[in-house]
Amino acid sequence: MIEEFTITVFSENSIGILNRITINFTKRKLNIDSLTVSESAIKGVYKFTIVVKCALATVENLVKQLDKQIDILRTFFLREHEVLHQEMAMYKIETSTFLESNQVEAIIRKHNARILEVTKEYTAIEKTGHKHETQELFEELKPFGVLQFVRSGRVAITRLKKELLSEYLDKLEKREMSEEI
Amino acid sequence: METITLDNITTKNKTSKRVSGSDALILSLIAENVKTIFGYPGGAIMPVYDKLMDYEDQLHHILTRHEQGAIHAAQGFARVSGEVGVCLATSGPGATNLITGIADAFMDSTPIVCFTGQVYSHLLGTDAFQETDVLGVSMPVTKWNFQVTCAEEIAPAVAKAFYIARSGRPGPVLIDITKDAMFAEVDFCYEKCTKIRSYIPIPETKDIRIQQAVELIDNAKRPLALVGQGVVLSGAEKELKEFIEKTGIPVASTLLGLSALPNDHKLYTGMLGMHGNAAPNIKTNEADLIIALGMRFDDRVTGKVNAYAPNAKKIHFEIDKAEVHKIIKVDVTVLGDVKDTLARVTKMVSPNAHVVWRNSFKFIDDQETSRVIQKELNPETGQITMGEVLRHLNEVTKGEAVIVTDVGQHQMVASRYYKFKNKRSFITSGGLGTMGYGLPAAMGAQIAAPHRKVVSISGDGGFQMTMQELGTIAFNKIPVKMIVLNNDYLGMVRQWQELFFDKRYSATSITSPDFVMLAASYGIDGQKVTDRKDLHAAVQRMMDSNEPFILEVAVEAKGNVFPMIPAGSAVNEIVFGDE
């Protein structure tokens with residue numbers, strides 16, 4: 001059965017690490033639905049959030065093979081109900097449209113979006129949410145002419161109390177590893 | 001931490017601590033106790049080659065005739081010695097020619113460190129002459145790779161490379177060095193790498209897993225132990241022997257596990273897999289416990305996965321977490337180094353003998369002997385068989401040789417019929433199945449083990465893929481013995497065409513040069529045998545020689561390797577070929 005999984009990879013900041021990660025998707029003919037990379041709460045450690053649709057057995061295997069890459073500190077995968085996730089979208093419409101139609105303002109309010117910048121030419125709007133929510137706003141703005149629309153990859157946090165990576169790193173340093181398969 | 005500076009290394013021309021990047025590379029290799037490297041020069045690696053001349057008495061470079069020869073030689077060297085094999089190549093084509101061997105080493109967990117030259121760092125990404133993205137190209141097939149662009153990075157990169165290549169589950173590492181880094185000067189200081197934060201070479205073993213394994217072993221009525229290369233890589237041959245002798249558990253080996261246990265051991269039941277022995281394959285599906293020791297349930301071993309060992313609980317002794325549950329779901333995973341974990345299990349298990357279970361193998365063994373082995377080893381009429389050559393080789397070498405094979409029918413015949421006595425005596429390309437592997441790997445193995453007899457066994461197809469290395473063998477007087485089993489076919493593919501493709505022999509008939517004459521042109525002695533009555537004496541003559549020697553044997557054109565588990569069949573559906 002194909003499911004959606006959120007894979008989290010913590011890695012050292014080394015050149016080519018993204019390539020090493022994506023190779024493991026390519027060799028299984030898996031497409032990456034969404035990818036976000038940024039420095040994590042720990043300086044020098046980078047966090048990749050990858051969304052993929054595949055079978056459970058595939059993701060289990062994939063994550064273990066990612067985890068064994070030398071520069072990868074830790075890899076997890078989480079199911080839909082185990083993560084809180086968001087994506088951010090930005091929209092640009094003509095300011096004249098915005099001013100001429102009172103509907104646009106109503107749409108922005110309804111979607112809890114916010115206005116980032118207003119110039120004579122355009123108005124930039126931002127909305128954070130799940131993909132279907134940012135998509136909905138896009139669909140509603142479309143009749144008024146959207147000049148630009150962009151959506152980020154997913155960012156996600158687990159529903160656990162805190163991120164366990166820092167403790168894990170301490171253990172790694174002391175080599176007090178104990179884990180189940 | 002062990003620190004090595006120039007003061008503890010003697011160098012011919014250097015007194016100052018300030019050295020070039022090339023010197024730093026060579027001194028780092030010496031610090032890692034490397035004595036032999038295989039390679040091929042070219043533009044981007046020239047500064048290193050230039051400096052090699054200053055260290056000739058400490059670091060022996062073997063010039064191969066192709067970079068593929070260099071990497072396979074390094075693999076053979078590593079496999080027979082257990083040390084890291086090292087090779088050197090230039091940028092672009094030099095580097096890409098290494099890729100097949102790197103992929104092979106990656107599949108077969110062989111510790112290799114490759115150094116490739118790269119264009120000047122200011123030219124990176126400009127499509128400069130002989131520039132290739134070697135990091136990108138080698139990434140899917142290396143355990144780790146790294147590009148060095150300044151001389152300061154050389155010593156730490158080498159230290160890390162050797163640590164990664166040899167620790168945990170070994171594998172190939174590639175270091176790409178730009179030409180300017182070779183020329184630049186640096187203060188040399190070498191610190192061995194002993195730890196990398198993000199890398200756990202040996203996962204921790206949980207006591208509970210040892211206890212669970214012991215419990216399953218003690219309660220098993222029909223246990224079977226499967227030996228993989230992990231046992232060889234961890235040097236656990238003695239621990240294996242102690243374990244099985246205490247428990248009386250019969251043992252089967254994967255292709256790469258061969259020679260971990262002497263073939264004549266009373267608990268040894270043969271080889272697993274597609275062309276393995278019938279009894280261990282069939283008994284896999286009768287066993288109530290499978291004890292997998294450093295093996296990865298390759299598809300050539302398991303046959304049809306959902307019909308594999310259906311009656312057995314399974315224990316997996318494994319160092320690489322990514323191998324656990326990958327193909328076969330197991331009941332108990334004993335993570336760790338099998339040398340350590342197996343010894344711990346042996347201490348705790350109850351002595352046993354499993355006499356009835358062991359005796360039940362005999363009926364199938366007898367079947368295989370009468371229906372396959374006799375005909376293969378002792379034919380009275382017809383052309384010479386491959387098995388017959390192996391029989392004579394056994395008689396002459398008494399199982400003491402290091403056997404290095406290429407890939408194909410001869411490989412399966414050699415693995416089936418050579419009677420190994422000593423550990424680290426079988427070197428073959430298993431996972432990748434690289435034709436052309438045999439000859440250069442044998443060359444490397446002979447250099448690593450100068451006091452052992454090394455015999456390369458190839459087919460006429462594979463030999464022609466890397467036979468340029470006859471030049472290396474001749475020039476360096478490497479006394480490797482080369483057997484070419486010539487059936488004028490790409491035999492294994494032909495066998496499959498006969499069995500599964502309606503005997504449509506597409507592109508498998510192959511002509512060859514006269515291999516003995518070819519070798520003679522390099523000044524290598526040899527003999528061609530076409531008649532059965534000359535075979536024994538020819539094998540004897542070859543093994544008596546202290547020099548390189550080629551023995552070409554004309555074997556039956558359409559011989560097939562049996563028994564066989566047809567692809568997609570279960571292991572107990574093995575066929576003898578006379579059905």
Side-chain angles (χ1 to χ4, degrees), chain A residues 9-30 40 42-48 55-77 165-181, chain B residues 106 124 133-149 153 157 160-161 163-165 167-169 171 173-174 176 193-209 305 316 318-327 329-336:
Chain A
V9 180
F10 291 97
S11 82
E12 301 288 3
N13 182 20
S14 62
I15 289 167
I17 189 69
L18 178 60
N19 202 357
R20 276 210 177 261
I21 291 169
T22 57
I23 281 165
N24 282 283
F25 290 79
T26 313
K27 76 176 184 187
R28 293 178 173 79
K29 207 184 177 194
L30 280 182
S40 73
I42 301 155
K43 199 170 158 43
V45 172
Y46 278 69
K47 179 173 176 168
F48 296 71
L56 177 64
T58 308
V59 78
E60 283 174 343
N61 197 253
L62 171 71
V63 160
K64 279 194 251 176
Q65 293 200 351
L66 288 174
D67 211 29
K68 84 177 206 185
Q69 300 300 323
I70 303 290
D71 290 327
I72 289 179
L73 291 150
R74 195 77 172 97
T75 312
F76 311 93
F77 74 89
L165 187 76
S166 48
E167 275 175 37
Y168 179 83
L169 284 181
D170 284 345
K171 280 187 182 170
L172 270 183
E173 293 287 352
K174 294 177 198 142
R175 279 290 182 271
E176 287 170 357
M177 290 301 307
S178 147
E179 268 181 279
E180 282 299 298
I181 283 201
Chain B
F106 191 59
L124 285 171
D133 172 18
V134 179
L135 244 52
V137 171
S138 65
M139 206 171 267
V141 290
T142 46
K143 190 171 169 185
W144 185 67
N145 62 7
F146 184 75
Q147 187 172 60
V148 168
T149 51
E153 289 173 334
K160 211 171 154 184
Y163 173 63
I164 290 169
S167 59
R169 179 178 178 177
V173 171
L174 183 140
D176 194 36
C193 177
T194 54
K195 196 172 125 181
I196 296 168
R197 175 170 77 161
S198 56
Y199 169 55
I200 305 159
I202 302 173
E204 190 205 23
T205 311
K206 297 201 113 197
D207 294 340
I208 179 81
R209 300 289 171 243
V305 167
H316 197 174
E318 181 56 60
I319 199 163
D320 178 2
K321 277 197 254 181
E323 289 299 343
V324 177
H325 306 309
K326 188 180 82 174
I327 306 287
K329 297 267 179 241
V330 297
D331 300 278
V332 174
T333 304
V334 184
L335 290 174

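Within every chain, numbering begins at 1; the chains are lettered A, B, ... in the order of the sequence lines, protein sequences first and strands thereafter. Keep in mind that this is a model prediction, so the values were computed, not measured.
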Select one option (side chain, backbone, both, neither) describing which atoms of Leu135(B) are under 4.5 Å from chain A's heavy atoms. neither

Atom CG of Asp67(A) and atom OG of Ser198(B): how far apart are they, to the nearest 0.5 Å? 10.0 Å

Would you sort out whether Asp71(A) and Trp144(B) count as a side chain to side chain contact (heavy atoms under 4.5 Å, CB included), showing the intermediate values? CA-CA 9 Å; Asp71(A) 290 327; Trp144(B) 185 67; 3.5 Å; yes

Tightest non-hydrogen contact, residues Ile70(A) and Lys143(B), listed as CG1-O, 3.3 Å

Can you say whether Thr142(B) sits under 4.5 Å from chain A via the side chain, the backbone, both, or neither, judging by heavy atoms? both

Atom of Gly136(B), atom of Asn19(A) and distance for their closest heavy-atom approach: CA-ND2, 4.2 Å

Taking side chain as everything from C-beta outward and backbone as N, CA, C, O, which of these in Asp320(B) sits under 4.5 Å from a heavy atom of chain A? Side chain, backbone, both or neither. side chain

Rounded to the nearest 0.5 Å, what separation is found between the CD atom of Gln69(A) and the OH atom of Tyr199(B)? 11.5 Å

Given heavy-atom pairs under 4.5 angstrom as the criterion, report whether the side chain, backbone, both or neither of Val45(A) touches chain B. side chain

With side chains defined as the heavy atoms from C-beta onward, is the minimum distance between Glu12(A) and Arg197(B) less than 4.5 Å? yes

Minimal non-hydrogen separation, Lys64(A) against His325(B), with atom names: NZ-CB, 4.1 Å

Measure the spacing between CD1 of Ile15(A) and CG of Asn145(B) and express it to the nearest 0.5 Å. 11.5 Å

Using the side-chain contact (heavy atoms from CB on, under 4.5 Å) definition, which of the options Glu323(B), Lys326(B), Lys321(B) pairs with Gln65(A)? Lys326(B)

